[in-house]
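Here the structure is a predicted model, which means the values were calculated and not measured. Each chain gets a letter, A, B and so on, in the order its sequence line appears, and its residues count up from 1.
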2 protein chains.
Amino acid sequence: MPLWSLCLRGSYIPRRHKDHKELMRIKILKIKMETLYKTSTREFRERWINYIHDLQNDICLALEQADGKARFREDEWERAEGKGGGGKTRIIQNGNIFEKGGVNTSVVYGRVSDMMRRQLQLDAAKWFACGLSLVIHPLNPYVPTTHANWRYFELYDEEDNVVDRWFGGGADLTPYYLYEEDARHFHQTLKQAIDPFGDKLYQAYKEQCDEYFANTHRSNEMRGIGGVFYEHLRPKDDIHAEELFRFQQANGNAFIPAYLPVVMKRKDSAYGEREIAWQEIRRGRYVEFNLIHDRGTLFGLKTNGRTESILMSLPPRARWEYDYHPEPGSEEDKLLQACLHPRNWV
Amino acid sequence: MPLWSLCLRGSYIPRRHKDHKELMRIKILKIKMETLYKTSTREFRERWINYIHDLQNDICLALEQADGKARFREDEWERAEGKGGGGKTRIIQNGNIFEKGGVNTSVVYGRVSDMMRRQLQLDAAKWFACGLSLVIHPLNPYVPTTHANWRYFELYDEEDNVVDRWFGGGADLTPYYLYEEDARHFHQTLKQAIDPFGDKLYQAYKEQCDEYFANTHRSNEMRGIGGVFYEHLRPKDDIHAEELFRFQQANGNAFIPAYLPVVMKRKDSAYGEREIAWQEIRRGRYVEFNLIHDRGTLFGLKTNGRTESILMSLPPRARWEYDYHPEPGSEEDKLLQACLHPRNWV
């Protein structure tokens, strides 16, 4: 039974896949822990790294099983000069369902450079970051594009004392046609994951998402119908750190149940030239957001990140027409209005 | 006889078109000069504005005649609140030759904002800018995309004294397939226009162009095979200002003779799926440069410029494939190598 079918019944629980036959072909990245800073948070960090790699396996497997044709290709990379960590970029292309997508992890660290000090206002000597970042662009214009990211940051002084640390992340949905039930399902699933940690959190992070993923140069048009987005969740103490860790896991684990049911519901919808043209125009907006506004993309590109891993987020096809406006009242316009006027979906 | 045929014979001389029957439909923007600052440079500025609008007419007419099908559509726009000038955006789409292009002029002015002070390091109270900016994306992958821009800036103190002024501009070519004779023709035509003003200028501005139009996040791969680029050409006195004016005119007038012969030579080349795919991948790189690195685009978008006029530069279609590399030694690779290793073409 494919994993996504479990998602459909709401009973999907991410498992460790080390013993899973299908995943034997995927090498587990050996993090050279001895090269990381020997700080008090070492064990905590190690558990986060393990979680992120397990989640990468889980998500890739679920997407492959749903697609039924394309497989993820993995590229392992190291930062320049063999120092400061690296990552596992996993790309899926030309599938039955997924036209292009990436599910990437990275574990990176180093000294705080002048560029980081200036652009990120980081007041520390050394840094560590580990996270998972994914973008999935399906072929069928009735299936939404999605993005998600969960990350953990630490900053140290010269003596390797932790001076700051935080979690950040979120997931958002970019449909080309609006199905309100899909938007509700996506948001509701994220809300259910978050609610146990505080009943005002979902709404706050939902609003931060609406604010973040906006093309400010296009009257604050959002790239999609949002999701959640949070940053700088700083542990007050060790107990709080464990709670934030569980919060991140709850969000990471909610991704497949939030997204895949929407995919399976829409993947066989019939479409033609009109839907493809609209999909490409909206993907043009996606490119604009990622290259003009997305802080992660720009920071990666300007600090010599691995370009192909960062730009895996770009769609396979995009289109720009001068001053294009969908016909008022059309299905295309309905989606556009939802992007221009963010709503509450739960 | 079409204008471009004159270009082919090297005898094209831009003319004033006010009496030209075909252009009667194009309204001449009435610049409300009384709203501009009453400075000592008023007459100089007026002549520059007239030149820019004549050049816009010349270039649009030459491109329309070459295309034989599509016509430029004009949108006049004003800056917010009806103050500070505006522009004439002229767009051509779905032609025989030109798939999408814009030839835009603008005459804009205002008070120096905090944003301008910070991002442009402008130390003045008021500013004025007038220029022409064009990008042409042809349909046939054997016909190069091109971009050009010629602009004039003034800065004033509170009492409308001119405290700084300069010209900037240039033109560059973005082929999808490399024809060395086309690259030589384009560069040679620009060089011929520039040489009368100083025999080292072309080489200096050619090198600045190679430096500017580089995707630094892709090992400094240029978006094309360059051209010329110059900025902050400041008049030392009134006589020098006139010389710089003539220099700008020489560059502006050289554009059609530099570009159009290449278009006419390649417009009927046969092509198929392979050439289209490669054209779209290279156009993806064009999008990356414009949205990540181009100072003019980013400044316009972040200071509430007219988005559709600014982003007319984006190609009609673009494509991204993960970690795509053309086959070594192929025609596609030959172009890529020319972008990675800028050469001297004259």
Which pair of heavy atoms, one from [X] and one from [Y], lies closest together, and at what distance?
| X | Y | value |
| --- | --- | --- |
| B:Arg306 | A:Tyr322 | NH1-OH, 3.0 Å |
| A:Glu308 | B:Glu321 | OE1-O, 4.2 Å |
| B:Ala318 | A:Trp320 | CB-CZ3, 4.1 Å |

* Non-hydrogen side-chain atoms of A:Ile310 and B:His217 separated by less than 4.5 Å ->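 In short, these two side chains do not touch, never coming nearer than 4.5 Å.
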* To do: Could you tell me which portion of A:Ile292 (side chain, backbone, both or neither) has an atom closer than 4.5 angstrom to a non-hydrogen atom of chain B?
  =>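 Contact with chain B: backbone and side chain both.
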Assess whether atom [atom1] of [X] is packed by more than 12 heavy atoms of other residues, nucleotides or ligands within 6.0 Å.
| X | atom1 | answer |
| --- | --- | --- |
| A:Asn220 | CG | yes |
| A:Arg117 | CZ | yes |
| B:Asp123 | CG | no |

Please classify the contact between [X] and chain A as side chain, backbone, both or neither, with a heavy-atom cut-off of under 4.5 Å.
| X | answer |
| --- | --- |
| B:Ile281 | neither |
| B:Arg283 | neither |
| B:Leu301 | both |
| B:Thr297 | neither |

* To do: To the nearest 0.5 Å, tell me how far B:Asp323 CG sits from A:Arg73 CZ.
  =>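 One finds 5.5 Å between CG of B:Asp323 and CZ of A:Arg73.
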* **Spacing of B:Leu291 atom CG and A:His293 atom NE2 [to the nearest 0.5 Å]** =>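 Output value for this atom pair is 9.0 Å.
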* Among A:Glu280, A:Arg218, A:Met312, who wins on heavy-atom pairs under 4.5 Å with chain B? ->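 Among the listed options, the one with the most contacts to chain B is A:Arg218.
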